Amino acid sequence: MKNTLVRLATVATLSGTLAVTSALVSSMLVSSALADAPKSGGTLIAAMGTNVRNLNPAVQSGIVTGFPGSQLFAAPLRYDEDWTPQPYLAESWDISDDGLTVTLNLVKNAVFHDGEPVTSEDVAFSVDVIKEHHPFKSMFAPVESVDTPDEHTAILNLSQPHPALMLAMSGQLMAIIPKHIYGDGEDPKTHPRNTENVIGSGPFKLTEYKSGEHVILERFDDFFIEGRPYLDKMVLRIIPDPAARTIALESGEVDFAAFEVAPQNINRLKEVEGLTVTSEGYGAIGPIDWLALNTTRGPLQDKRVRQAIAYAVDKNFIHKAIQRGTAKDAPTGIHPDSPFHNPDVEKYEVDLDKANALLDEAGHEAGADGTRFGLTIDFGWGELKPNAEYVRGALKKVGIDVTVRASADFPTWAKRMGDMDYDMSWDTVFNWGDPVIGVHRTYLSSNIGKGVWSNTQGYSNERVDELLDMASKEPDADKRKALYTEFQQIVADEVPVYFSNTLPYHTVYSDKVGNPPLGIWSTSSPMDMTYLK
Amino acid sequence: MSKLKPPISGQLEEEFKAQSPMMEVWSMFCRNITAMIGLVIVLIVLFAAIFGPTLYPGDPFEMVWAPFSRPGEEGYLLGTDYLGRDLTTLLVHGARVSILIGLSAALLTVLIGITVGAVAGYYKGWVEELLMRITEFFQVLPTLLFSMVIVALFGASLPMITFAIGVVSWPPVARVTRAEFLRIRELEYVTAARASGVSNFKIIFRTILPNALPPIIVQAALMVGSAILFEAGLSFLGLTDPNVVSWGQIIGSNRQYILDSSYTVTIPGLAIFITVLAISLVGDGLNDALNPKLRKR
């Protein structure tokens with residue numbers, strides 16, 4: 001039982017669908033260089049909405065681990081806000097012409113918090129650990145081996161070109177963990193050093209971790225980038241209640257929070273003087289709210305029925321009334337901030353006549369009471385309940401009688417999804433940087449029914465499988481984009497998923513905070529450039 | 001009782017004689033102003049629960065107007081909630097469910113409580129020991145937590161919620177019943193009944209139970225109030241059937257908007273508060289009216 005819970009909790013963080021979290025970090029922006037030159041010193045108080053149980057991002061996915069994890073551990077690369085890779089632990093890198101070897105040249109002066117140097121051995125070890133223990137298997141699956149010709153050179157040998165590797169080497173996805181600590185034979189997944197005396201090579205070292213209360217981080221003086229980080233200390237306070245977090249931000253008790261998601265609180269905080277509220281910085285996290293449709297049973301097997309549902313749901317209502325203008329439209333499964341996003345697809349503007357016509361055509365004539373057939377609708381967590389209730393009302397208008405099913409807790413829902421025991425369900429799924437990591441899993445027919453956040457729709461389309469396979473090894477960015485463009489059109493036409501909106505993640509910070517993390521990885525990136533004015 | 005009173009005047013004596021015991025309780029009850037206020041409120045809520053859905057027909061979940069229009073604005077008496085549903089309609093339809101759950105859970109509680117208490121109090125000995133240990137077992141379980149477990153395991157349908165409430169709240173009734181039975185079973189008329197060969201079943205339910213009822217009735221009345229609160233608590237935590245409105249569910253689903261639209265939570269909250277208060281007042285009034293010791297005052 002306990003194992004199941006632990007596993008499910010892991011899965012929960014896996015797609016980072018934990019509804020709210022908060023954090024702070026550094027933007028990749030070289031700061032505005034104007035009046036506010038960054039200055040050193042000070043303690044940043046940040047709020048997190050969910051308790052963190054594991055500080056090691058090499059074995060634990062999710063934005064909750066990503067915040068402290070990206071401060072404690074450095075990755076080979078970091079990204080600027082234009083999706084361009086920048087040197088971090090790797091001062092330079094080289095991809096061979098055939099795309100089959102990637103060479104990383106590590107910085108020479110990087111040391112772990114305990115003083116041991118960071119070497120290519122640690123990189124090779126980290127790749128092994130992540131391959132084996134991280135839930136995102138597609139990140140390093142094509143990496144066959146890592147050669148370490150010298151201390152500062154690591155060569156990744158690939159079985160096929162793997163363009164997703166660049167993003168997979170950034171943010172929280174490729175934490176370089178010390179071999180001399182995690183290589184002691186204990187299971188890295190449950191290693192005691194994942195929560196106490198955590199040693200990485202990131203800009204901050206761990207001072208204190210109290211589950212359910214706070215994580216306190218302190219400046220690492222021997223950090224490999226000269227003069228960084230600017231902050232002396234970061235206190236990540238865990239405040240699970242969104243209203244309490246809102247009040248803490250209003251009163252100035254907390255200076256920074258990321259992953260704020262409740263529209264009413266976001267709008268309220270926007271009115272507060274001295275606070276900046278922005279939705280920038282979540283492009284690579286890429287969270288999308290959608291209505292999953294189980295294409296393997298009942299009337300939903302028919303594409304026309306799924307299209308009718310899409311026409312009957314008024315996206316405007318969701319955007320305006322439920323998300324209250326805080327979220328962006330998401331017409332496809334690739335986040336609108338991603339370079340691979342294709343906005344030119346069928347958007348399913350609300351059209352009840354069309355919906356009715358499609359349902360008639362599919363042979364579901366309305367009965368005497370106006371009802372055609374019944375469906376159930378689930379929702380993953382409380383924040384999506386209004387969406388489920390709305391869909392019940394919206395589909396009633398076209399004669400579909402919807403019953404809302406509540407789940408007693410997250411594992412109950414996750415099991416229903418994993419077993420594909422549902423008709424429709426609201427869900428939030430993250431892109432996680434490259435589509436190979438977070439997008440393919442939802443549509444590949446080889447990934448049907450592999451637990452929550454797999455292809456739980458039972459969707460199967462040969463052309464889609466082919467396109468995704470080609471895209472996963474296409475090194476040329478433009479050609480890749482073309483493949484994803486076609487893929488998004490097919491999916492929009494077949495509606496295995498009704499895409500609604502981006503999850504309105506917002507970062508809130510006070511005027512005191514300079515250079516908050518507004519790059520593509522939000523707080524799942526190092527905050528060495530953040531400072532206090 | 002009236003015979004014990006010294007005859008103050010012939011007329012008054014006549015008056016007392018003319019009243020049946022039920023009427024006597026009723027007149028005692030009527031003299032209690034707070035209890036009468038409670039009764040009036042309870043009747044109003046019952047009226048709303050029974051006839052409300054006729055006055056406000058249609059699906060309470062229908063989205064009728066823009067979300068969060070304030071009470072009184074746009075012609076919606078109590079405003080609309082986060083999906084633009086009419087709060088008045090929700091409240092009236094919710095009354096039915098809340099009252100229904102309150103009554104049926106209280107009934108279940110009383111049935112279990114009386115059965116266990118009566119058997120324990122009548123038979124005594126090892127039967128009593130066993131039943132009372134079971135009662136204590138249920139009494140020490142944290143009630144809300146236990147009912148949450150039941151609902152989480154077996155699903156959040158109305159019958160299951162009623163069952164969950166009933167199953168965790170019967171111990172007090174059982175203990176009161178047992179105490180009454182222990183007292184009454186030693187009285188002469190019970191001994192007489194037993195001596196004349198009346199069956200145990202008849203003695204329990206025909207001879208003793210009617211005389212043990214007054215405190216149980218009071219307990220049951222209070223139980224209705226606490227069952228409503230219980231249901232509200234479960235719904236607030238989301239352990240409820242989302243296809244049925246109840247007051248607690250309205251609060252639970254609107255609570256994330258409490259900072260800027262507090263009326264969506266306050267109004268159903270007040271409805272619960274006033275109803276439960278009224279039921280408590282009625283229970284208190286019944287207690288005063290049924291308790292002979294107080295009546296002598």
Side-chain angles (χ1 to χ4, degrees), chain A residues 19-20 241-247 249-250 261-272 314 316-318 320-325 374 376-379 381-397 401-413 416 426, chain B residues 58-69 80-86 89-90 144-158 160-161 164 234-246 248-265:
Chain A
V20 225
D241 180 50
R245 246 179 1 259
T246 304
I247 290 165
L249 284 160
E250 278 179 349
V261 77
Q264 63 282 5
N265 295 340
I266 291 168
N267 287 340
R268 185 184 162 103
L269 288 166
K270 278 181 182 162
E271 305 295 314
V272 178
D314 183 3
N316 261 323
F317 184 91
I318 297 176
K320 286 188 184 142
I322 299 179
Q323 303 297 352
R324 297 168 129 191
T376 61
I377 190 165
D378 290 80
F379 50 96
W381 37 91
E383 281 75 9
L384 290 172
K385 190 175 161 221
N387 297 47
E389 292 179 317
Y390 165 68
V391 169
R392 167 174 54 195
L395 294 190
K396 200 177 175 187
K397 290 183 189 159
D401 182 34
V402 178
T403 310
V404 180
R405 289 202 303 180
S407 307
D409 50 12
F410 179 81
T412 311
W413 174 80
R416 280 180 186 172
W426 279 98
Chain B
D59 182 3
F61 288 121
E62 197 183 330
M63 292 163 275
V64 292
W65 195 250
F68 296 117
S69 68
T80 58
D81 76 349
Y82 60 99
L83 286 178
R85 302 176 294 200
D86 184 6
T89 314
L90 281 171
L144 187 62
L145 209 62
F146 185 38
S147 53
M148 278 168 66
V149 170
I150 296 175
V151 175
L153 282 180
F154 300 106
S157 59
L158 288 191
M160 195 45 72
I161 292 169
L234 287 174
S235 316
F236 180 79
L237 296 169
L239 293 165
T240 176
D241 183 350
N243 301 291
V244 179
V245 218
S246 75
Q249 195 221 351
I250 305 175
I251 300 181
S253 48
N254 278 290
R255 73 162 188 267
Q256 47 176 318
Y257 310 102
I258 191 167
L259 287 181
D260 57 347
S261 302
S262 55
Y263 67 93
T264 53
V265 175

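No experiment lies behind these values; they were computed from the predicted model shown. Chain letters run A, B, ... following the sequence lines, proteins first and then strands; every chain starts at 1.
Under the 4.5 Å side-chain criterion, counting only non-hydrogen atoms from C-beta, Val244(B) is not in contact with Gln249(B). Inter-residue side-chain proximity for Val245(B) and Ile250(B) is flagged as met; some heavy-atom pair is nearer than 4.5 Å.
For Ser407(A), no part lies under 4.5 angstrom from a heavy atom of chain B. Of the atoms belonging to Ala388(A), not a single heavy atom falls under 4.5 Å from chain B. Contact of Asp241(A) with chain B is not made at all, since no heavy-atom distance falls under 4.5 Å.
Among residues two or more places apart in sequence or in another chain, the side chain to side chain donor-acceptor pair (under 3.5 Å) test is passed with Asn316(A) by none. In this structure, Asp314(A) has no side chain to side chain donor-acceptor pair (under 3.5 Å) partners at least two apart in sequence or on a different chain.
Interface check for chain B: of the options Lys396(A), Arg268(A), Arg392(A), the most heavy-atom pairs under 4.5 Å are formed by Arg392(A).
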